[in-house]
Amino acid sequence: MNPIEFWFDFSSGYAFFAAQEIDALSSRVGRTVLWRPYMLGTAYKVTGARGLSSTPLKRDYARRDWARIAKARGLSFQLPPEHPRVALPATRAFYWIEAQDPGAARCFAKRIFAGYFNEGLDTASPEAVAPVALDFGYQPEDLMAGINDPVIKSRTTELAEDAVARGVFGSPFFLVDGEPFWGWDRMGMMEEWIEAAGW
């Protein structure tokens with residue numbers, strides 16, 4: 001069966017929570033997950049929207065909501081300084097690792113989420129992201145080269161543009177057999193839709 005496509009921006013608070021739950025959901029419905037980080041700004045150029053953390057009123061609400069969700073789920077969650085950061089280096093690093101080992105890329109994504117939302121990891125800095133390579137058996141200098149590889153840069157851009165062309169506009173955003181689900185709070189509905197084979 002087709003995988004659940006999990007599109008997200010590493011700076012998205014709701015995507016952080018989705019990343020904690022997507023594997024369990026996929027096991028329950030018997031689907032694999034295709035992890036797909038992308039730059040949310042690519043969608044904003046088309047929709048004209050702004051991120052929650054850059055929008056008055058919504059920003060304050062989102063921070064309160066994230067704190068509630070973290071407490072309810074028993075998760076550690078701390079916004080880093082200067083949130084939101086543009087996570088382009090981390091996103092490119094994901095695709096470089098995926099080219100070496102797709103399984104490791106999923107674990108890398110989880111590590112980046114944990115680093116950003118708990119340790120203040122600067123996902124906008126290649127120098128900050130590169131040492132994470134050691135956790136996955138790679139050398140920082142190799143990951144740094146991957147982040148700067150024109151092939152990886154092009155793949156990162158093309159995947160994001162293709163996703164937006166297919167209707168992806170938020171984070172997290174899921175596609176299942178062509179059916180779109182936007183938001184962490186739609187994961188339950190998505191699970192029901194998969195189990196019912198659509199409706």
Side-chain angles (χ1 to χ4, degrees), residues 2-23 25-26 31-46 51 80 83-119 121-176 178 180-182 184:
N2 293 325
I4 299 169
E5 294 182 40
F6 172 31
W7 292 89
F8 58 89
D9 188 301
F10 278 119
S11 298
S12 166
Y14 290 112
F16 167 82
F17 296 115
Q20 315 308 309
E21 301 176 14
I22 189 61
D23 285 341
L25 186 155
S26 70
R31 299 274 187 130
T32 58
V33 179
L34 183 62
W35 291 62
R36 281 291 171 260
Y38 81 115
M39 302 309 298
L40 198 47
T42 306
Y44 291 162
K45 290 177 183 177
V46 175
H83 171 79
R85 293 182 181 275
V86 177
L88 183 57
T91 303
R92 289 174 176 167
F94 172 93
Y95 288 113
W96 181 82
I97 289 179
E98 185 184 61
Q100 323 304 314
D101 182 350
R106 177 179 62 87
C107 296
F108 175 81
K110 290 184 174 183
R111 175 69 184 86
I112 293 297
F113 270 125
Y116 184 80
F117 287 106
N118 285 288
E119 303 161 15
L121 175 66
D122 185 357
T123 52
S125 167
E127 291 77 15
V129 172
V132 179
L134 294 169
D135 294 346
F136 301 91
Y138 302 108
Q139 293 302 309
E141 56 269 27
D142 293 332
L143 185 55
M144 181 73 81
I147 291 171
N148 293 309
D149 186 335
V151 173
I152 295 298
K153 289 182 177 181
S154 178
R155 177 165 171 73
T156 302
T157 300
E158 290 171 2
L159 282 170
E161 292 176 346
D162 179 64
V164 173
R166 293 167 61 212
V168 175
F169 61 82
S171 175
F173 200 102
F174 307 91
L175 290 174
V176 189
F181 295 90
W182 172 35
W184 166 80

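- Contact record, D122 with A128: O-CB, 3.5 Å, taken as the closest heavy-atom pair.
- In this structure the side chain of I112 reaches within 4.5 angstrom of the side chain of T123, judged on heavy atoms.
- Not a single ring pair (Phe, Tyr, Trp, His ring centres under 6.0 Å) links Y44 to another residue, sequence neighbours left out.
- Using modelled atom types and a 3.5 Å distance limit, the side chains of E98 and W96 yield no donor-acceptor pair.
- Nearest approach of P89 to V86, heavy atoms of both residues: CD-O, 4.0 Å.
- Here the straight-line distance linking atom CD of E127 with atom CE of M144 works out to 4.0 Å at 0.5 Å rounding.
- For an aromatic pair to be called close, the ring centres must be under 6.0 Å apart, and F169 with W182 satisfies this.
- With rounding to the nearest 0.5 Å, the separation of CG in D149 from CZ in R155 is 12.0 Å.
- Contact check for E5 versus V176: no side-chain heavy atoms found under the 4.5 Å cut-off.
- In this structure, the separation between CZ on R36 and OG1 on T156 is 10.0 Å, given to the nearest 0.5 Å.
- With values rounded to the nearest 0.5 angstrom, Y38 atom OH is found 12.0 Å from D162 atom CG.
- When all heavy atoms of Y116 and L121 are compared, the pair lying nearest together is CD1-O, 3.4 Å.
- In this structure, CZ on R92 lies 10.0 Å from CD1 on I152, to the nearest 0.5 angstrom.
- Of the candidates Y14, F16, F17, F117 forms a ring-ring contact (aromatic ring centres under 6.0 Å, His included) with just one, namely F16.
- N2 approaches R31 most closely through the heavy-atom pair O-NH1, 2.8 Å.
- For E158 and K153, the salt-bridge test fails: no basic side-chain N is under 4.0 Å from an acidic carboxylate O.
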Inset, instruction - Check the pair K45 / V164 against side chain to side chain contact (heavy atoms under 4.5 Å, CB included), numbers first and verdict last. - result: CA-CA 10 Å; K45 290 177 183 177; V164 173; over 6 Å; no
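- Between R166 and E161 no salt bridge is recorded (no basic side-chain N to carboxylate O distance below 4.0 Å).
- Side-chain contact between V33 and P3 is absent, with no heavy atoms from C-beta onward closer than 4.5 Å.
- At least one donor-acceptor pair under 3.5 Å links the side chain of S11 to the backbone N or O of R85.
- Comment: R106 engages D23 in a salt bridge, judged by a side-chain N to carboxylate O separation of less than 4.0 angstrom.
- Counting heavy atoms from C-beta on, the side chains of E21 and W184 come closer than 4.5 Å.
- Aromatic ring orientation, F113 versus F8: tilted (interplanar angle from 30° to 60°).
- In this structure, F94 CZ and L143 CG are separated by 12.5 Å, a value rounded to the nearest 0.5 Å.
- Two residues are said to be in side-chain contact when any heavy atoms from C-beta on lie closer than 4.5 Å; T42 and T157 fail this criterion.
- Residues L134 and P140 are in side-chain contact: their nearest non-hydrogen atoms beyond the backbone lie under 4.5 Å apart.
- Here the shortest heavy-atom pairing between S171 and A15 reads OG-CB, 3.5 Å.
- Paired with W35 under the rule ring-ring contact (aromatic ring centres under 6.0 Å, His included), one option of F10, F6, Y95, F108 passes, and it is F6.
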Inset, instruction - Let me see the working for V168 and L175 under side chain to side chain contact (heavy atoms under 4.5 Å, CB included), right down to the final yes or no. - result: CA-CA 8 Å; V168 175; L175 290 174; 3.9 Å; yes
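- Using a 4.5 Å heavy-atom cutoff, the side chains of F174 and P180 are not in contact.
- Within the structure, the ring-ring contact (aromatic ring centres under 6.0 Å, His included) test picks out no pair touching residues 142-165 (sequence neighbours left out).
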